[in-house]
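One structure is given below, encoded as structure tokens.
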Amino acid sequence: GTVWCRAMLDVWCPTLLLALDVKTCADASDDAIQRAFVNGYATQDAWYRRGLEKITGEYGRVRFGFLFVESDPPHLSRAAVPTEGFRYAAQKECERALAIFADCMSR
């Protein structure tokens with residue numbers, strides 16, 4: 001479209017079409033990660049995948065995930081992705097935000 005977008009990737013592997021965002025945290029439990037997705041990480045997932053798909057032309061093949069790393073020893077780490085429900089809602093939110101922003105910029 002007519003709106004310029006940007007993002008800052010932590011890790012991008014073009015061969016695997018895989019991007020990762022590393023997050024340090026105090027707690028990498030299931031509950032903490034679920035809260036992170038509720039509080040906006042699902043939107044980040046949708047935004048980054050949208051941009052990477054646009055840049056690469058690989059629609060539906062780009063993967064994005066989070067690597068949560070606890071800041072205290074023993075530094076538990078784990079990868080996580082939002083559920084399809086989170087992804088769908090976040091994708092719709094990003095599309096709506098872009099449409100509003102594009103309209104504002106055109107005025």
Side-chain angles (χ1 to χ4, degrees):
T2 59
V3 177
W4 283 78
C5 304
R6 62 178 163 174
M8 187 179 293
L9 294 172
D10 288 339
V11 178
W12 169 241
C13 179
T15 306
L16 299 174
L17 295 174
L18 172 65
L20 291 174
D21 189 28
V22 181
K23 300 289 190 189
T24 56
C25 59
D27 181 8
S29 69
D30 291 342
D31 289 341
I33 289 173
Q34 182 77 4
R35 283 191 306 275
F37 288 133
V38 168
N39 292 325
Y41 284 10
T43 303
Q44 181 183 352
D45 171 274
W47 185 255
Y48 278 44
R49 279 187 301 108
R50 181 186 180 284
L52 289 167
E53 287 175 349
K54 190 78 162 171
I55 290 168
T56 64
E58 297 287 347
Y59 296 92
R61 295 190 57 222
V62 171
R63 296 178 300 148
F64 181 84
F66 295 92
L67 179 60
F68 292 91
V69 181
E70 289 185 352
S71 48
D72 292 331
H75 306 291
L76 170 74
S77 63
R78 63 184 284 199
V81 295
T83 64
E84 282 302 313
F86 271 128
R87 281 186 168 171
Y88 179 79
Q91 180 182 359
K92 293 300 175 191
E93 183 179 330
C94 287
E95 289 170 4
R96 181 176 171 273
L98 279 170
I100 291 169
F101 185 69
D103 182 58
C104 290
M105 293 301 291
S106 70
R107 292 173 190 257

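The line from SG of C13 to CG of L20 is 9.0 Å long, rounded to the nearest 0.5 Å.
Taking the side-chain contact (heavy atoms from CB on, under 4.5 Å) definition, one finds that A90 meets it with A42, T43, A46, sequence neighbours left out. Every side chain to side chain donor-acceptor pair (under 3.5 Å) that E58 has, sequence neighbours left out, goes to R61. Considering only residues two or more places apart in sequence or on other chains, E53 meets the salt bridge (charged side-chain N to carboxylate O under 4.0 Å, His left out) condition with none of them. Scanning for side-chain contact (heavy atoms from CB on, under 4.5 Å) contacts around C104 gives I100, with sequence neighbours left out. Every residue two or more places apart in sequence or in another chain was checked for a ring pair (Phe, Tyr, Trp, His ring centres under 6.0 Å) with F86, and none qualifies. With sequence neighbours excluded, the residues forming a side chain to side chain donor-acceptor pair (under 3.5 Å) with D103 are R107, listed by chain and number. Under the side chain to side chain donor-acceptor pair (under 3.5 Å) criterion, R96 pairs with no residue at all, not counting sequence neighbours. Applying the salt bridge (charged side-chain N to carboxylate O under 4.0 Å, His left out) criterion to E93, with sequence neighbours excluded, gives no partner residue. A32 is linked by a side-chain contact (heavy atoms from CB on, under 4.5 Å) to D27, S29, R35, counting only residues two or more places apart in sequence or in another chain.
Here the shortest heavy-atom pairing between A28 and L76 reads CB-CD2, 4.0 Å. Across all non-hydrogen atoms, the minimal contact from A80 to F68 is CB-CE1, 3.8 Å.
Using a 4.5 Å heavy-atom cutoff, the side chains of L52 and W12 are in contact. Residues L98 and C5 are in side-chain contact: their nearest non-hydrogen atoms beyond the backbone lie under 4.5 Å apart. Using a 4.5 Å heavy-atom cutoff, the side chains of Y48 and L9 are in contact.
Screening residues 62-80 for side-chain hydrogen bond (donor to acceptor under 3.5 Å, both in side chains), with sequence neighbours left out, gives D30-R78. Within the structure, the side-chain hydrogen bond (donor to acceptor under 3.5 Å, both in side chains) test picks out the following pairs touching residues 79-89 (sequence neighbours left out): D45-R87. Listed by first then second residue, pairs satisfying salt bridge (Lys or Arg N to Asp or Glu O under 4.0 Å) with a partner in residues 2-21 read D21-K23, not counting sequence neighbours.
When hydrophobic clusters are built by joining Ile, Leu, Val, Met, Phe, Trp and Tyr residues whose side-chain heavy atoms come closer than 4.5 Å, directly or via intermediates, L67 is not grouped with W47. V38 and Y41 fall within a single hydrophobic cluster, where Ile, Leu, Val, Met, Phe, Trp and Tyr are joined by side-chain heavy atoms under 4.5 Å apart, directly or via other members.
Taking the six-membered ring where the residue is Trp, F66 and F64 present perpendicular rings, their angle passing 60° and hence far from 30°.
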